[in-house]
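Predicted model only: the values in this text are computed from it and were never measured.
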Amino acid sequence: MELATALPGSVGALTEGSENSKMIPLRLSQRRLKRSWVWNQFFVLEEYTGSDPLYVGKLHSDMDKGDGSITYILSGEGAGTMFTIDDTTGDIHAIQRLDREERSQYTLRAQAIDRNSRRPLEPESEFIIKIQDINDNEPKFLDGPYVASVPEMSPVGTSIIQLTATDADDPTYGNSARVVYSILQGQPYFSVDTKTGIIRTALTNMDREAQEYYEVIVQAKDMGGQLGGLAGTTTVNISLSDVNDNPPRFPQKHYQMSVLESAPVTSVVGRILARDLDEGVNAEMKYSIVDGDGRDFFDISTDPISQAAVITVGKPLSFERKKTYALKVEGANAHLEVRFLNLGPFRDQTNVHITVEDVDEPPVFESSLYFVEVPEDVEIGTTVQIVSAKDPDVTNNSIRYSIDRSSDPGRFFYVDITTGALMTARPLDREDASWHNITILAMEMNNPTQIGTVPVTVKVLDVNDNAPEFTRFYDTYVCENAKSGQLIQTLTAKDQDEPQEGHHFYYSLTPEVANNPNFTLRDNQDNTAWILTRRSGFRQHEQSAFYLPVLITDNGRPRQSSTATLTIQVCSCDNAGDIMSCHAEAYTLPVTLSRGALIAILGCIFALLVLVLFILSMRRHRKKPYVLDEEDNVHENIVRYDDEGGGEEDTEAFDIAAMWNPREAHMGKVRKDMQPEIQSLSRYVPQNCRIESSVHSYVLAKLYEADVDLCSPPFDSLQTYMFEGDGSVAESLSSLQSASTDSDQSYDYLTDWGPRFKRLAEMYGGPQGK
């Protein structure tokens with residue numbers, strides 16, 4: 001039995017049992033059968049475009065007698081859609097266009113069965129149909145277009161970029177996928193390797209400054225570049241990167257600039273630029289002043305954005321000192337590649353001339369500040385410092401001096417307008433102000449807007465002009481049971497002066513009490529002193545307080561001293577020394593009193609009784625001016641009273657019922673808006689009245705107290721109706737005015753209490769009162 005393909009040029013038929021046969025075991029009915037078919041690969045060309053189905057090959061079983069009893073069945077990949085088989089003859093045809101780039105082979109299965117019984121005559125076998133390639137795809141640059149860069153001035157053969165073209169045809173079959181490269185555009189600057197696709201430089205000295213960008217077109221052709229091969233192209237944009245191959249150059253060899261002499265330090269004078277054809281870091285510049293008489297007065301730096309040289313003022317300028325300056329400026333590349341050093345120096349120089357222009361400047365003091373030390377006892381008009389200023393301009397105008405009063409609000413100093421002599425105008429007091437910070441002004445006479453200033457610091461030196469004094473008020477006491485030599489007070493002093501050697505105070509009793517029998521003073525020589533008792537047996541009822549004058553002297557020059565009186569109270573103390581009482585109580589008086597003491601006490605009591613009777617008498621007489629007939633109704637006047645009064649307080653102060661009928665007035669009502677001044681009469685009794693006094697001395701004391709007291713009202717109720725307000729149509733309702741013919745009488749109850757007290761006494765006790 002034979003199996004053959006009908007495709008010309010195929011591998012051909014393989015007969016059963018041949019050397020190239022391949023046996024495949026098949027189990028049928030539990031017995032081993034010999035395989036009848038051996039299959040080889042079928043080949044078919046791609047891209048068949050004929051109208052008839054393309055014949056692929058023929059399947060034939062050696063059991064086929066040719067009588068049509070065997071049916072051939074084809075299954076597998078593409079069976080029925082891409083390939084068909086004649087079930088009688090076994091011929092296989094391709095019914096669709098085949099593309100190797102889409103699918104390179106198909107795996108199918110064939111079987112021969114009995115047409116009548118439908119039983120397989122042969123085991124199912126597998127075979128492959130391979131699609132044979134033709135040159136139907138051109139090379140393609142999948143990553144194009146390309147961008148590349150190469151440094152300018154690169155040598156010939158410098159590699160730039162490698163291109164790769166892809167051909168979809170079968171590289172293992174023929175030359176369909178063998179690609180070669182060539183340049184269609186970009187010569188003679190660049191070349192490409194025909195096999196690897198590497199682009200290289202083809203010329204030397206390619207200058208970026210002459211041409212920076214190049215467009216290169218590269219072609220890839222299959223079939224090894226032979227005629228009839230397919231080709232694809234791509235674009236490569238190549239730029240030349242910059243290298244530092246150009247030196248900087250100044251456009252001018254001479255520059256002229258000007259600057260005002262008043263220009264502050266670091267102010268800009270001008271700019272110059274050295275041009276460089278390079279870019280980026282290769283064009284960065286560094287400038288310096290290499291020569292010229294202005295090297296010490298001007299500075300130069302580089303603007304990082306424009307790479308220009310910025311010339312600035314380095315020191316204060318003066319038109320009067322120097323009018324012109326010359327500078328030699330050099331500009332050089334900050335970064336330089338070694339391989340280009342043979343091109344020459346990468347630096348350039350130029351000359352800059354600067355002219356200083358004159359301006360009207362304010363006066364300038366000889367010193368930037370003055371410091372003066374002055375004793376605080378310096379006399380008024382003493383010159384403490386002479387300041388001097390001059391006009392720095394050529395004109396040299398006259399100068400006038402003055403003090404900025406905001407710096408000397410107390411006007412302690414005065415400056416001479418022409419000489420600049422600073423003098424004292426008021427006494428200085430270090431304890432009040434130890435430092436004075438004064439600003440003196442210097443003004444040009446011809447141009448008052450030009451004003452110079454200078455600070456003057458005055459330190460006031462200390463002079464011993466303050467006497468020492470106690471550091472505080474001492475509430476000193478001595479117990480009745482104190483013993484001799486007992487410490488009752490430690491004294492300390494203070495002094496507003498500040499001597500250089502420090503304070504040292506000396507304490508002593510004044511000469512008149514140096515031999516005081518009660519107390520003594522001990523100077524501890526450490527700026528403190530002790531007050532000690534000299535005896536025992538102090539008694540409150542004998543003497544309740546002692547007054548001890550103490551003399552305090554400092555160590556200054558000249559020495560200053562002061563006398564301070566120490567008040568020492570006698571107090572009752574317990575055994576521990578704690579105070580029980582410092583005031584003698586009335587019930588503690590002894591039962592047996594002397595005759596003089598009794599007379600003094602009775603005199604005080606009598607004086608109090610007279611005072612009470614005197615006040616009651618005044619209150620009785622105050623009713624007389626207000627006695628009116630019943631038919632005299634003053635309600636009309638009260639209604640038209642111009643002063644609106646004080647509200648509820650006023651209604652309580654003025655009893656309207658008393659106006660209708662004064663006899664019905666309530667005597668006990670008092671004003672709520674005025675506190676009564678009558679307090680305990682014991683406080684009005686003078687100290688000497690408690691021992692021995694008289695009614696006459698008591699009345700005089702009360703009269704003096706009323707004269708000096710400007711705040712307390714007199715003890716009469718006439719003040720209630722004394723003033724009815726300005727412009728009242730009722731005029732005055734005062735009983736004093738109606739009873740007196742003295743038109744000049746004063747009713748100022750706020751400033752003249754003493755004289756009124758006298759007049760009241762005359763009214764109620766003298767002829768006018770009657």
Side-chain angles (χ1 to χ4, degrees), residues 141-165 181-220 232-253 255 271-288 290 300-310 329-350:
F141 294 94
L142 301 180
D143 298 328
Y146 299 87
V147 177
S149 176
V150 62
E152 63 174 331
M153 300 295 178
S154 295
V156 174
T158 301
S159 177
I160 301 174
I161 190 174
Q162 182 176 11
L163 307 181
T164 301
Y181 300 92
S182 62
I183 289 182
L184 301 182
Q185 176 181 313
Q187 296 174 335
Y189 306 103
F190 304 96
S191 64
V192 63
D193 189 290
T194 58
K195 293 182 178 181
T196 62
I198 297 175
I199 298 178
R200 294 182 172 91
T201 57
L203 284 180
T204 59
N205 300 328
M206 283 195 298
D207 191 0
R208 185 197 65 84
E209 288 72 33
Q211 183 177 348
E212 184 176 2
Y213 298 101
Y214 296 87
E215 185 179 73
V216 179
I217 298 177
V218 178
Q219 173 184 269
T233 61
T234 188
T235 301
V236 183
N237 295 310
I238 301 177
S239 63
L240 299 182
S241 60
D242 185 61
V243 296
N244 194 7
D245 59 339
N246 292 279
R249 291 290 180 263
F250 286 104
Q252 301 173 214
K253 290 301 180 182
Y255 291 89
R271 294 170 177 261
I272 57 176
L273 176 64
R275 301 185 183 277
D276 194 328
L277 296 178
D278 297 321
E279 65 179 6
V281 296
N282 298 318
E284 292 182 1
M285 300 298 300
K286 181 180 180 181
Y287 299 92
S288 59
V290 296
I300 194 168
S301 60
T302 302
D303 187 333
I305 298 177
S306 64
Q307 296 300 314
V310 182
V329 177
E330 180 180 271
N333 285 140
H335 307 280
L336 186 61
E337 296 186 28
V338 178
R339 60 175 175 157
F340 294 111
L341 289 177
N342 57 352
L343 296 180
F346 280 75
R347 57 176 54 87
D348 195 16
Q349 294 182 350
T350 187

> A side-chain contact here means heavy atoms from C-beta on lying under 4.5 Å apart; do Asp245 and Glu209 qualify?
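In short, these two side chains touch, coming nearer than 4.5 Å.
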> Any side-chain heavy atom of Gln162 within less than 4.5 Å of one from Tyr181?
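No - every pair of side-chain heavy atoms lies 4.5 Å or more apart.
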> Who are the side chain to side chain contact (heavy atoms under 4.5 Å, CB included) partners of Ile217, not counting sequence neighbours?
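For Ile217, the residues satisfying side chain to side chain contact (heavy atoms under 4.5 Å, CB included) (neighbours in sequence not counted) are Leu184, Gln185, Thr233, Thr235.
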> Rounded at 0.5 Å granularity, tell me how far CD in Glu284 sits from CG in Asn244.
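It comes to 10.0 Å.
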> So which atom in Met285 and which in Gly331 form the shortest heavy-atom distance, rounded to 0.1 Å?
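In this case the closest contact between Met285 and Gly331 is CE-C, 3.7 Å.
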> For residues Gly144 and Thr234, report the shortest heavy-atom separation together with the two atoms involved.
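So the two residues come closest at CA-OG1, 3.6 Å.
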> If the condition is side chain to side chain donor-acceptor pair (under 3.5 Å), which residues does Gln187 pass it with, not counting sequence neighbours?
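Here no residue qualifies.
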> Measuring from atom OG of Ser154 to atom CG of Asn205, what distance do you get when rounded to the nearest 0.5 angstrom?
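Reported to 0.5 Å precision, the distance equals 10.5 Å.
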> For Arg249, does the CZ atom sit with more than 12 other heavy atoms under 6.0 Å from it, leaving out its own atoms?
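Above 12, so yes.
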> Determine the minimum heavy-atom distance between Ala165 and Ala220, stating which atoms define it.
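Ala165 and Ala220 have their closest heavy atoms at CB-CB, 3.4 Å.
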> Do Asp276 and Asn246 have side-chain N/O donor and acceptor atoms under 3.5 Å apart?
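No donor-acceptor contact under 3.5 Å links the two side chains.
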> Using side chain to side chain contact (heavy atoms under 4.5 Å, CB included) as the criterion, list what pairs up with Asp303, not counting sequence neighbours.
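Only Arg271, Ile305, Ser306, Val310 meet the side chain to side chain contact (heavy atoms under 4.5 Å, CB included) criterion with Asp303.
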> Please list, one pair per line, the donor and acceptor atoms closer than 3.5 Å that link side chains of residues 196-203 to other protein atoms, with sequence neighbours excluded.
| unit_1 | atom_1 | unit_2 | atom_2 | d |
| --- | --- | --- | --- | --- |
| Thr196 | OG1 | Asp193 | OD1 | 3.1 |
| Thr201 | OG1 | Pro155 | O | 2.7 |
| Thr201 | OG1 | Gly157 | N | 3.1 |
| Thr201 | OG1 | Thr158 | N | 3.0 |

> Apply side chain to side chain contact (heavy atoms under 4.5 Å, CB included) to Ala309 and list each qualifying residue two or more places apart in sequence or on a separate chain.
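Scan of Ala309 (side chain to side chain contact (heavy atoms under 4.5 Å, CB included), adjacent residues dropped) gives Ile272, Tyr287, Ile300.
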> Taking side chain to side chain donor-acceptor pair (under 3.5 Å) as the test, write out the residues that go with Gln307, two or more places apart.
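Testing Gln307 for side chain to side chain donor-acceptor pair (under 3.5 Å), a comparison that skips the adjacent residues, returns none.
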> For a quick test of reading the model, state the closest non-hydrogen atom pair linking Asn282 to Asn333 and the distance between them.
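Closest approach of Asn282 to Asn333: O-ND2, 3.4 Å.
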> Who pairs with Asp348 by salt bridge (Lys or Arg N to Asp or Glu O under 4.0 Å), at least two apart in sequence or on another chain?
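Only Lys253 meet the salt bridge (Lys or Arg N to Asp or Glu O under 4.0 Å) criterion with Asp348.
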> If I compare all heavy atoms of Gln211 with all of Tyr189, which pair ends up nearest, and what's the gap?
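Closest approach of Gln211 to Tyr189, heavy atoms only: OE1-OH, 4.5 Å.
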> Determine whether Arg275 and Leu273 make a side-chain contact, defined as any pair of heavy atoms from C-beta on separated by less than 4.5 Å.
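Yes, close enough: below the 4.5 Å cut-off.
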> Output all residues satisfying side chain to side chain contact (heavy atoms under 4.5 Å, CB included) with Arg208, sequence neighbours left out; order by chain, then residue number.
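For Arg208, the residues satisfying side chain to side chain contact (heavy atoms under 4.5 Å, CB included) (neighbours in sequence not counted) are Glu152, Glu212, Leu240, Asp242, Glu279.
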> With sequence neighbours excluded, tell me which residues meet salt bridge (Lys or Arg N to Asp or Glu O under 4.0 Å) with Glu330.
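Salt bridge (Lys or Arg N to Asp or Glu O under 4.0 Å) check on Glu330 returns Arg347.
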> For the residue pair Phe250 and Val329, what are the closest heavy atoms and their distance?
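For Phe250 and Val329, the tightest heavy-atom pair comes out as CE1-O, 4.1 Å.
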> Going by the rule ring pair (Phe, Tyr, Trp, His ring centres under 6.0 Å), which residues pair with Tyr146 if we only count those two or more places apart in sequence or in a different chain?
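Here no residue qualifies.
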> Which value, rounded to the nearest 0.5 Å, describes the distance between Glu215 atom CD and Phe190 atom CZ?
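Taking CD in Glu215 and CZ in Phe190, the distance rounds to 11.5 Å.
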